[in-house]
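Worksheet for the structure shown next.
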Amino acid sequence: MEEKVKAIQQEVEAFLVKSKEDLETFRLRFISKKGLVPTLFDDLKAALPEEKKKLGKVLNDLKQLAEGKFKTWQEELENGAATTATDIDLSLPVIPNKTGNLHPLTLTRYRIIEIFERLGFNVSDGPEVEDDWHNFSALNFPPNHPAREMQDTFFVEKSGAEGSDVLLRTHTSNVQIRLMEKQKPPIRSIMPGRVYRNEAISARAHCFFHQVEGLYVDRNVSFRDLKQTLYHFAKEMFGQDTKIRLRPSFFPFTEPSAEIDISCLICHGKGCNVCKYSGWVEIAGSGMVHPNVLRHVNIDPEEFTGFAFGMGIERITMLRYGVNDLRLYSENDLRFLKQFKVVIG
Ligand code: DAH
C-alpha cells in the first residue's frame with residue numbers, strides 16, 4: 001500500500017493545471033468522493049493495526065497536498081492569473097509604461113530659471129496670501145491710487161487700517177519687498193510664483209496665473225544693464241535672431257518704466273494675428289526700482305540703484321508652444337498635457 005500512496009503522490013505533484021477543465025480532471029481523479037485519495041482512506045481500514053498510524057499520517061499529508069493544490073489553482077484561474085511560469089510568453093510585446101511628464105508651465109519656468117541662473121541670479125520665494133503693504137504700499141502704490149485698480153484684487157480680510165488688508169497677491173512684485181527686507185545689496189534674484197486677479201475666465205484672462213519677477217540691486221546698476229539682461233534673455237528663450245524693443249510705460253514701483261516687446265516669432269515682423277499685425281509682442285514690464293521702494297526697505301537710493309522686471313509665464317509658454325487659450329493650462333486635459341513630453345538626456 002505504501003508504494004501505491006507514493007505513486008499517487010508523485011502523480012499529484014507532477015500534475016499541471018492550465019484551465020478549468022484540467023482542474024476538474026484533477027478534482028475527479030484525486031479528491032472527489034470516488035477519487036484516488038479518498039479510496040486510499042478506505043484501503044487504510046484494511047491495513048494492519050501497527051501500520052495504520054504511520055500510513056494514516058502519510059495519507060493525511062497527501063490529502064492536504066492535493067486539496068491545497070486544488071485551492072491554489074482554483075483561485076488563480078478565478079483571478080485570471082497565469083497558472084505556471086511556463087505560461088508566460090516572453091515573446092509578447094511589453095505593455096507600454098505610461099510615464100507622466102512636466103506641465104508646459106513648469107518647463108518654461110525651469111528654462112527661465114536656467115537662463116537667469118547663468119547670469120548670477122538666484123531663486124526666491126514669497127507668500128501668495130499677502131498683506132496690502134507688501135503687495136501695494138511698499139511698492140509705492142499710494143492709498144486709493146487708481147493704479148491699485150489696474151489689478152482686480154481678491155481680498156481675504158479687509159481691516160481698513162492702512163497697509164494691513166489681507167489679500168491674494170496680484171503680482172510677484174511682493175517678493176521684491178520681502179527679499180529686500182531681509183537681504184541687503186548686492187541682490188540678484190528671480191522670483192517665480194502664482195498670482196491671483198479677480199477676472200472672468202476666458203481664453204485671454206484667468207483668475208490665477210504665474211509670473212516671474214526679477215530684481216537686481218547694487219551700486220551703479222543702470223538702465224543699460226536692464227536692457228542687455230532682457231535682450232540676452234529674449235535671445236536665449238526664443239532664438240538668437242530675436243530682437244527686443246522697449247516702450248515707455250508706467251508702474252508705481254519703477255521710474256523710468258518700460259514694456260519689453262520681442263519681434264514676433266510667427267511672422268518675423270511681417271505682421272500676423274499673434275502680433276496683431278504690429279510685428280511685435282509684449283513679454284514683460286520693467287524699469288529702474290523707484291527710490292521710494294528702496295527707502296521703504298531701508299536701502300539708501302543715493303548709494304544703490306536697481307532694475308526690476310516681471311513677466312507672465314503663461315504668455316511666454318504661449319509664444320514658445322503656440323498655445324492659444326489660457327484655460328488649457330489648468331483644465332488638466334491629458335490630450336493637451338501629453339504633447340509636452342521632453343526627452344531628457
Ligand atoms: N508687477 C507687474 C504686473 O503684474 C509687472 C512688473 C512690471 C514687474 C514692472 C516689475 C516691473 O518688477 O519692474 O503687471
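None of these values were measured; they are calculated from a predicted model. We're numbering straight along the sequence, starting at 1. First listed ligand is number 1; within each ligand, the first listed atom is number 1.
Counted by atom type alone, Glu314 and His210 present one or more donor-acceptor pairs between their side chains at under 3.5 Å.
In terms of protein heavy atoms, atom 5 (C) of ligand 1 is closest to Gly310 CA, 4.1 Å. Scanning the protein for heavy atoms near atom 12 (O) of ligand 1, the closest one is Glu213 OE2, 2.5 Å.
Inter-residue side-chain proximity for Val195 and Phe209 is flagged as met; some heavy-atom pair is nearer than 4.5 Å. Side-chain contact check for Leu36 versus Arg29: some heavy-atom pair is nearer than 4.5 Å.
One distance of note links CD1 of Ile313 with NE2 of His103; it measures 11.0 Å at 0.5 Å rounding. Rounding to the nearest 0.5 Å gives a distance of 6.0 Å between CD1 of Ile283 and CE of Met311. We find the CZ-NZ distance between Phe26 and Lys69 to be 6.5 Å, quoted to the nearest 0.5 Å.
Annotation: cation-pi pair Lys45/Phe41 absent, no NZ/CZ under 6.0 Å from the ring centroid and within 45° of its normal.
Close N/O approach between Thr170 and ligand 1 is not found [any backbone or side-chain N/O within under 3.5 Å]. Checked by distance only, ligand 1 and Phe253 stay at 3.5 Å or farther apart across all their nitrogen or oxygen atoms.
If you look at Ala308 next to ligand 1, the close heavy atoms, those under 4.0 Å, come from the backbone and the side chain alike. Contacts between Phe307 and ligand 1, counted as non-hydrogen atom pairs separated by less than 4.0 Å, are absent for every part of the residue. Under 4.0 Å from ligand 1, the heavy atoms of Arg197 that appear belong solely to its side chain.
Atoms of ligand 1 found under 4.0 Å from any heavy atom of Phe251 (numbered from 1 in listed order, with element): 7 (C), 9 (C). Within ligand 1, counting atoms from 1 as listed, the ones closer than 4.0 Å to a heavy atom of Thr254 are 13 (O). Under a 4.0 Å criterion applied to the non-hydrogen atoms of Gln211, ligand 1 contributes the atoms 3 (C), 4 (O).
Annotation for Val293 and Met180: closest pair CG1-CE, 4.0 Å, computed over non-hydrogen atoms.
Ligand 1 does not have Met311 within reach: every non-hydrogen atom of the residue lies 4.0 Å or more from it.
When Gly306, Gly287, Gly285 are checked for heavy-atom proximity to atom 7 (C) of ligand 1, Gly285 turns out nearest.
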